[in-house]
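The structure appears right after this line, and notes come after that.
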Number of protein chains: 2
Amino acid sequence: MKAKVFVTLKQGVLDPQGKAIHHSVELLGHNNLAEIRQGKYFELDFADGVSADDARATAEKIGNDVLANPVIEDYTVEVS
Amino acid sequence: MKAKVFVTLKQGVLDPQGKAIHHSVELLGHNNLAEIRQGKYFELDFADGVSADDARATAEKIGNDVLANPVIEDYTVEVS
């Protein structure tokens, strides 16, 4: 059982790193972009025998407590 | 049109940051994980009127040239 956790800055929080990437990419000639935002991505690989529900619950808890800062960041969990 | 780019370390490349997160998470009492790997995540927001094919082509090019280091990292593009 695997879970993917995506952490992104909340709407309205400034993302200077994303802006810098957008600028670099424009200098390389890609002018069809409106915005680039940077986030974080984590792959959680669960031990054998862990159910999908347990995996989701653990991933949500870890996302909220460790991986994301809930003040400025949102997180999404996908279990597969 | 939006594209998501996920950048992950290639299989076999050491991920000390992921190992550190795994260790912290175990100290918090989550003992049902085999491994955590850290990656990067980017949201590319394209200008109006860009087609899905163009968005995918641009995102693949940016992923390869700017966002990932193809020597040690893999990247995946999802267009939506």
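Every chain is numbered from 1, with letters handed out A, B, ... down the list of sequences.
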Check whether B:L44 gets within reach of chain A through its side chain, its backbone, both or neither, counting any heavy atom under 4.5 Å.
-> both
Can you tell which of A:V5, A:L33, A:V25 has the highest number of heavy-atom pairs within less than 4.5 Å of chain B?
-> A:L33
Close side-chain approach of B:I62 and A:I21, heavy atoms under 4.5 Å | no
Taking a hydrophobic cluster as the set of Ile, Leu, Val, Met, Phe, Trp and Tyr residues connected by side-chain heavy atoms closer than 4.5 Å, whether directly or through intermediates, do A:F46 and B:L28 fall within one such cluster?
-> yes
Under a single-linkage definition using a 4.5 Å side-chain heavy-atom cutoff for Ile, Leu, Val, Met, Phe, Trp and Tyr, are A:V77 and A:M1 assigned to the same hydrophobic cluster?
-> yes
If you draw a 6.0 Å radius around CG in B:L14, do more than 12 non-hydrogen atoms from other residues or ligands fall strictly inside?
-> no
Mind ranking B:G18, B:G49, B:A3, B:A47 by heavy-atom pairs under 4.5 Å with chain A and telling me who comes out on top?
-> B:A47
Does NZ belonging to A:K19 count more than 12 external heavy atoms closer than 6.0 Å?
-> no
Over 12 non-hydrogen atoms of neighbours within 6.0 angstrom of CD in A:Q17 | no
Quick one: does A:I36's side chain get under 4.5 Å of B:E43's, heavy atoms only?
-> no
Would you mind reporting whether A:K40 and B:Y41 have side-chain heavy atoms less than 4.5 Å apart?
-> no
A:L9 with A:V66, same ILVMFWY side-chain cluster at under 4.5 Å = no
Could you tell me the separation between the NE2 atom of B:H30 and the CG atom of A:D54, rounded to the nearest 0.5 Å?
-> 12.0 Å
Scored by heavy-atom pairs under 4.5 Å with chain A, the best of B:V50, B:N32, B:D48 is B:N32
